[in-house]
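Some notes on the structure that comes next.
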Number of protein chains: 2
Amino acid sequence: MNFSIAEENYIKAIWRLQQADSNVTTNELSAELQTKPASVTDMLKRLKEKKILNYEPYYGVKLNADGKKIALGIIRRHRLWEYFLVEKLKFEWDAVHVIAEELEHVSSPELVERLDHFLGFPKADPHGDPIPDSSGRMETSKHISLHQLKEQQPAIVSGVNDQSSGLPEILRQKKISIGTKVEIKQRFLFDGSIEIKIRNQPLITLSEQLAKNIYVTPL
Amino acid sequence: MNFSIAEENYIKAIWRLQQADSNVTTNELSAELQTKPASVTDMLKRLKEKKILNYEPYYGVKLNADGKKIALGIIRRHRLWEYFLVEKLKFEWDAVHVIAEELEHVSSPELVERLDHFLGFPKADPHGDPIPDSSGRMETSKHISLHQLKEQQPAIVSGVNDQSSGLPEILRQKKISIGTKVEIKQRFLFDGSIEIKIRNQPLITLSEQLAKNIYVTPL
DNA sequence: TATTTTTTTTAGATTTGCCTAAATTATAAT
DNA sequence: ATTATAATTTAGGCAAATCTAAAAAAAATA
């Protein structure tokens, strides 16, 4: 079966939301996709006809097995292109998301497999998100946001938020990158900011907003 | 100004046709794009509103300076991606056209400039067609088809037809590639076939159809 | 439990890009 | 110069993907 760009964007958005929530609502989708709820209802009816999701009026939506496979194909393309843009074309992290949103819709399966081979079968994109293999399998990294990390619990930075722009600049300045070992030394309830220790460096302060956009794997 | 994929395909088709013909007709366009003449009329009216071409009902169409610039941007992207697909992803010549037709519509200007840089600023795509630079300038190679070459006139193979599939196979078998020196020794009026000499090899026979899809620059 | 608020769906319109069938204009042939 | 043919445009329609406004259903609150 073949999907339009609009359909692929809905499938991707449903997949993303159902990771957190299992059952995805019309309103959540309309916020995610910057469209009106009425447009979402229309599209869900169309995608239901294509038998890639379970949708009951008023009760939300969920991708079925076929739908998940399609979603993982789109995510695979997106992340491979992000890797290409950063590793080969030397883009900054925060510039690649928008471009990869376009490239991910180029549908040739042979292109994807050759690109994967050309890139050396990378396991994760530049933000640390795992790249599904050609049959849709993917390492389920159980990372949490740095903001959720317990105090005194050492962890490794494993990713950053894909969608937020301006992150690379601040992370470069603070000398944080994927693989960096971090530990929360103190937490301020007043504004949600944290103080963290990196190697032997002096303590540094991160805002709540920043900590929420950095992902870590506890050790 | 921003153009849809459909609009970009029309602009590209008009540009291609007006290379040969200057004034492009509705029927030529409908044949080129595999649509009905009525659809072409619709689109020409819309593109005229966008002021990128001169169109008078019943008298054909012609891109203006702005239109040509847009066309050369699309062609630049198409040919850079073709180069990438062949040189980096190791696709065969004849497989890349369809994929490049999709990639060419990805619109980030920075992507195009970085891709160009990554590829080493190639001058021509894998079929020998020149790649316009970022301001739309392009080497105007004055090649003709091998079929049009005069007998006993030495020439260098400078390109092959972009759109035709299966060419690489037959060219590999006959040991012809871009840069090969050729000369027509005999021409058969009966079926339009020709006999050519390549270096010190024995004469080989090419069908009219094949000769029309190989381009040469006379010496 | 009844009422209010929020969420979701339905109904009806719009734009893009295409179609078919009919009308119009240009070109070629007698 | 008329007539026949070919090319082009107009008119009216359709599907995809969106919208607004109104109606209906579900959830929250009094």
Side-chain angles (χ1 to χ4, degrees), chain A residues 1-14 17-18 20-63 67 70-71 74 101-102 104-105 107, chain B residues 1-15 17-18 20-63 67 70-71 74 101-102 104-107:
Chain A
M1 186 129 27
N2 239 32
F3 296 92
S4 70
I5 290 173
E7 286 171 335
E8 287 194 350
N9 286 333
Y10 273 88
I11 295 165
K12 203 174 33 140
I14 297 166
L17 293 171
Q18 91 179 22
D21 230 4
S22 179
N23 207 63
V24 179
T25 70
T26 302
N27 259 12
E28 281 169 348
L29 267 171
S30 86
E32 181 81 8
L33 291 162
Q34 316 258 60
T35 61
K36 301 290 152 178
S39 309
V40 174
T41 304
D42 275 4
M43 180 60 97
L44 292 180
K45 280 194 271 185
R46 252 174 289 146
L47 290 177
K48 189 187 179 166
E49 301 246 307
K50 295 200 170 187
K51 298 187 196 306
I52 60 162
L53 46 75
N54 301 319
Y55 162 64
E56 284 308 319
Y58 297 104
Y59 283 93
V61 66
K62 209 178 192 179
L63 294 175
I70 295 157
I74 302 165
E101 297 253 65
E102 291 195 60
E104 74 192 8
H105 301 297
S107 58
Chain B
M1 185 127 31
N2 240 30
F3 296 93
S4 69
I5 291 173
E7 286 171 336
E8 287 195 348
N9 286 333
Y10 273 88
I11 295 166
K12 202 175 36 143
I14 296 166
W15 186 88
L17 293 171
Q18 91 181 20
D21 229 5
S22 178
N23 207 62
V24 179
T25 69
T26 301
N27 258 14
E28 281 169 347
L29 269 171
S30 86
E32 181 81 8
L33 291 160
Q34 318 259 57
T35 60
K36 300 292 152 174
S39 309
V40 174
T41 303
D42 275 3
M43 181 60 97
L44 292 181
K45 281 194 272 184
R46 252 174 289 149
L47 290 178
K48 188 185 180 169
E49 302 244 309
K50 296 200 172 188
K51 298 189 196 306
I52 60 162
L53 46 75
N54 302 318
Y55 163 63
E56 284 310 317
Y58 296 106
Y59 283 91
V61 67
K62 209 177 190 177
L63 294 175
I70 295 158
I74 302 164
E101 298 252 64
E102 290 194 61
E104 73 191 7
H105 301 296
V106 175
S107 57

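Atoms considered below: every heavy atom in the structure, side chains included; atoms not considered: hydrogens, waters and symmetry mates. This is a predicted model, so every value here is computed, not measured.
Among C:dG17, C:dT8, C:dT10, the nucleotide with an atom closest to any side-chain atom of A:Lys45 is C:dT10. The nucleotide whose nearest atom lies closest to any side-chain atom of A:Thr35 is, among D:dC19, D:dA26, D:dA17, D:dC19. Minimum atom distance to the side chain of B:Ala38 is reached by C:dT20, of the listed D:dC19, C:dT9, C:dT20. Residue A:Asn27 has its side chain nearest to C:dT7 when only D:dT20, D:dA26, C:dT7 are considered. Listed candidates were C:dT7, D:dT9, C:dG17. Nearest to the side chain of B:Ser4 is C:dG17. Comparing D:dT9, D:dA17, C:dT8 by their nearest atom to the side chain of A:Thr26 picks out C:dT8.
Between the NZ atom of B:Lys36 and the P atom of D:dA11 there is a distance of 21 Å, rounded to whole Å. Between the CD atom of B:Gln34 and the C1' atom of C:dC19 there is a distance of 15 Å, rounded to whole Å. In this structure, A:Met43 places its CE atom 11 Å from P of D:dC19, rounding to the nearest Å. A straight line from CG of A:Asn9 to C1' of D:dA17 spans 12 Å, rounded to a whole angstrom. A:Leu47 places its CG atom 15 Å from the C1' atom of D:dT18, with the value rounded to the nearest Å. Computed from coordinates, the A:Leu44 CG to C:dT10 P distance equals 11 Å when rounded to whole Å. Straight-line distance from the CD atom of B:Glu56 to the C1' atom of D:dT9: 14 Å, rounded to whole Å. As rounded to whole Å, 10 Å separates atom P of D:dA17 from atom CD1 of A:Ile5.
With respect to A:Asn9, the side chain to side chain donor-acceptor pair (under 3.5 Å) criterion is satisfied by exactly one of A:His105, A:Glu101, A:Glu32: A:His105.
Phosphate contact (OP1/OP2 of D:dA17, side-chain N/O of A:Arg46, threshold under 4.0 Å): present. Proximity of B:Tyr58 to the phosphate of D:dA6: no side-chain N or O atom is located under 4.0 Å from OP1 or OP2. Between D:dT9 and B:Thr41, a contact under 4.0 Å exists linking OP1 or OP2 to a side-chain N or O.
Remark: B:Lys62 does not engage B:Glu56 in a salt bridge, criterion side-chain N to carboxylate O under 4.0 Å.
Between A:Val61 and A:Leu29 the shortest side-chain heavy-atom distance falls below 4.5 Å.
Across all strands, A:Pro57 comes closer than 4.0 Å only to sugar-phosphate atoms, never to a base (heavy-atom distances). Counting non-hydrogen atoms under 4.0 angstrom, B:Asp42 reaches a base of the nucleic acid.
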Next on the checklist: Working note: A:Lys12 + A:Glu104, criterion side-chain contact (heavy atoms from CB on, under 4.5 Å); need CA distance, chi angles, decisive distance, verdict.
Outcome noted: CA-CA 11 Å; A:Lys12 203 174 33 140; A:Glu104 74 192 8; 2.7 Å; yes
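Taking the nucleotide of DNA chain D with the nearest heavy atom to each of B:Glu28 and A:Ala6, the more 5' of the two is matched to B:Glu28.
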